[in-house]
Structure formats: C-alpha cells, structure tokens
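Report on the following structure.
Everything quoted here is computed from the prediction, not taken from an experiment.
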Amino acid sequence: MTTILVDADACPVREEIYRVAARLDLPLVLVTNGARPVRPPPLPKARLVIVAEGADKADDWIAENATAADVCVTADIPLAARCLEKGARVITHKGHEFTAANIGSALAGRELSRHLREIGANAGGPAPMAQADRSRFLSALDRVVMAALRDQVGKG
C-alpha cells in the first residue's frame with residue numbers, strides 16, 4: 001500500500017500533506033529527530049516516528065523503510081537519491097519531483113553549492129515559501145500519489 005513518508009523536521013507543507021492523506025485515506029508517517037516540535041494530525045492512519053538525535057537518523061529511517069509503493073516528501077537530495085534507489089517516488093516541499101533522470105544533476109549541484117560555500121562564495125539560500133509554492137506542491141503531491149496508486153493497482 002502506498003504510504004506518504006515525510007522528512008518532517010523542516011517540512012513547511014505538513015498541512016497540505018495531511019489534507020491529501022485524509023482525502024485519499026492513505027497511511028502517513030512523519031519522521032523526526034525531535035529537534036523541532038512536530039504534532040501528528042488526528043488521522044487514523046497517521047503516525048509519528050521519533051528517531052534518536054543525530055545527523056541523518058531520520059533520513060536513515062526513511063530510506064530503510066521506503067518501498068517502491070511509497071511517496072517521500074523531502075528537500076534532502078541525498079535522502080531523495082536513497083529513496084529513488086528503493087523505487088519510491090520523491091517530491092520536495094516546493095513540488096519538484098526527483099527522478100532517476102534528474103537526481104544525478106541535483107546531487108552534483110548540491111556538491112557544487114557546498115564547495116562554493118566552503119570557499120566563501122555564498123550565493124544565499126533558497127527563496128522563502130510563497131503561496132504559489134504551496135499550490136504547486138499540492139498539485140505535485142496529488143499527481144505523484146495518484147501515479148503511485150495506479151502503479152499498485154497495475155501490480156495487484
């Protein structure tokens with residue numbers, strides 16, 4: 001069954017995810033290391049997983065538990081790559097879908113940005129979330145989840 005896995009610590013679109021999970025009656029797992037308060041929604045199929053504190057513990061849990069039926073919501077590019085290796089679908093909180101065709105360039109761009117920061121050529125961070133980003137995310141999440149559900153019907 002398709003489950004929505006959420007890298008919840010810094011996810012600005014949790015409410016949008018809750019709406020989609022509720023509408024489609026899907027299992028939802030919010031994964032956090034507890035660094036920021038995350039309250040699970042009052043949905044029967046929602047659960048909160050709190051992992052041990054530490055770098056990448058939430059990412060490790062998500063990557064280890066993702067399946068080809070799942071949709072992962074994360075802006076973490078290395079986590080996205082790990083989920084794609086398991087066959088899961090991955091989208092960012094701004095509605096960008098990572099795929100096998102684009103994850104390599106995303107990883108390379110991340111490494112380039114890291115290098116530029118190290119040498120002091122900081123170009124600033126990402127733009128803040130806008131209402132258009134939320135709308136784009138909601139549309140993308142709906143599209144990606146529906147594709148995952150169609151794949152499950154085709155395999156069942």
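Counting only distance, with no hydrogens or angles, the side chain of Asn65 and the backbone of Ile62 share no donor-acceptor pair below 3.5 Å. Remark: the backbone N or O of Glu64 is paired with a side-chain donor or acceptor of Lys86 at under 3.5 angstrom.
Residues Leu84 and Phe98 are in side-chain contact: their nearest non-hydrogen atoms beyond the backbone lie under 4.5 Å apart. You'll find the side chain of Glu97 stays beyond 4.5 Å of the side chain of Thr92, heavy atoms only. In this structure, Pro78 and Asp76 have side chains that are in contact, with non-hydrogen atoms separated by less than 4.5 Å. Residues Pro40 and Arg47 fail the side-chain proximity criterion, which asks for heavy atoms closer than 4.5 Å. Residues Trp61 and Asn33 are not in side-chain contact: their nearest non-hydrogen atoms beyond the backbone lie 4.5 Å or more apart.
Side-chain heavy atoms closer than 4.5 Å link hydrophobic residues (I, L, V, M, F, W, Y) into clusters, and following such links, possibly through other members, connects Phe137 to Val144. By the criterion of side-chain heavy atoms lying less than 4.5 angstrom apart, applied directly or through intervening Ile, Leu, Val, Met, Phe, Trp or Tyr residues, Val38 is not grouped with Leu79; the two fall into different hydrophobic clusters. A chain of hydrophobic side-chain contacts below 4.5 Å, direct or via other Ile, Leu, Val, Met, Phe, Trp or Tyr residues, connects Ile50 to Ile4. The cluster map of Ile, Leu, Val, Met, Phe, Trp and Tyr, joined by side-chain heavy atoms under 4.5 Å apart, puts Tyr18 and Met146 in the same cluster. In the hydrophobic clustering of ILVMFWY residues, with side-chain heavy atoms under 4.5 Å counting as a link, Leu30 and Val49 come out apart.
Atom CZ of residue Arg19 and atom CG of residue Leu24 lie 12.0 Å apart, to the nearest 0.5 angstrom. Once rounded to the nearest 0.5 Å, the distance linking SG of Cys83 with CD1 of Ile103 reads 9.5 Å. Rounded to the nearest 0.5 Å, atoms CG (Leu5) and CZ (Arg89) are 14.0 Å apart. Arg143 contributes atom CZ, which lies 12.0 Å from atom CG of Leu138 (distance to the nearest 0.5 angstrom). Distance check, rounded to the nearest 0.5 Å: OG1 of Thr3 to CG of Leu28 gives 9.0 Å.
Screening residues 5-16 for side chain to side chain donor-acceptor pair (under 3.5 Å), with sequence neighbours left out, gives Asp7-Thr74, Asp9-Thr32, Glu16-Arg134. Within the structure, side chain to side chain donor-acceptor pair (under 3.5 Å) pairs that include any residue of residues 49-59 do not occur (at least two apart or interchain).
One finds a salt bridge joining Lys45 and Asp25 here, because a Lys/Arg side-chain nitrogen approaches an Asp/Glu carboxylate oxygen to under 4.0 Å. Between Arg82 and Asp60 there is a salt bridge, with a side-chain nitrogen of the basic residue lying less than 4.0 Å from a carboxylate oxygen of the acidic one.
Shortest non-hydrogen contact noted between His93 and Pro12 is CD2-CG, 3.5 Å. When all heavy atoms are compared, the tightest approach of Val90 to Ala80 is CG1-CB, 3.6 Å. Heavy atoms only, all atoms of each residue included: Ala22 and Leu43 are closest at CB-CD2, 3.6 Å.
With Val71 as the partner, the side-chain contact (heavy atoms from CB on, under 4.5 Å) test is satisfied by one option alone out of Ile17, Val20, Val145, Leu149: Val145.
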Is there a side chain to side chain contact (heavy atoms under 4.5 Å, CB included) between Val29 and Val6? Walk through the geometry before answering.
CA-CA 6 Å; Val29 181; Val6 182; over 6 Å; no
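Arg23 meets the salt bridge (Lys or Arg N to Asp or Glu O under 4.0 Å) test with Asp142; sequence neighbours excluded.
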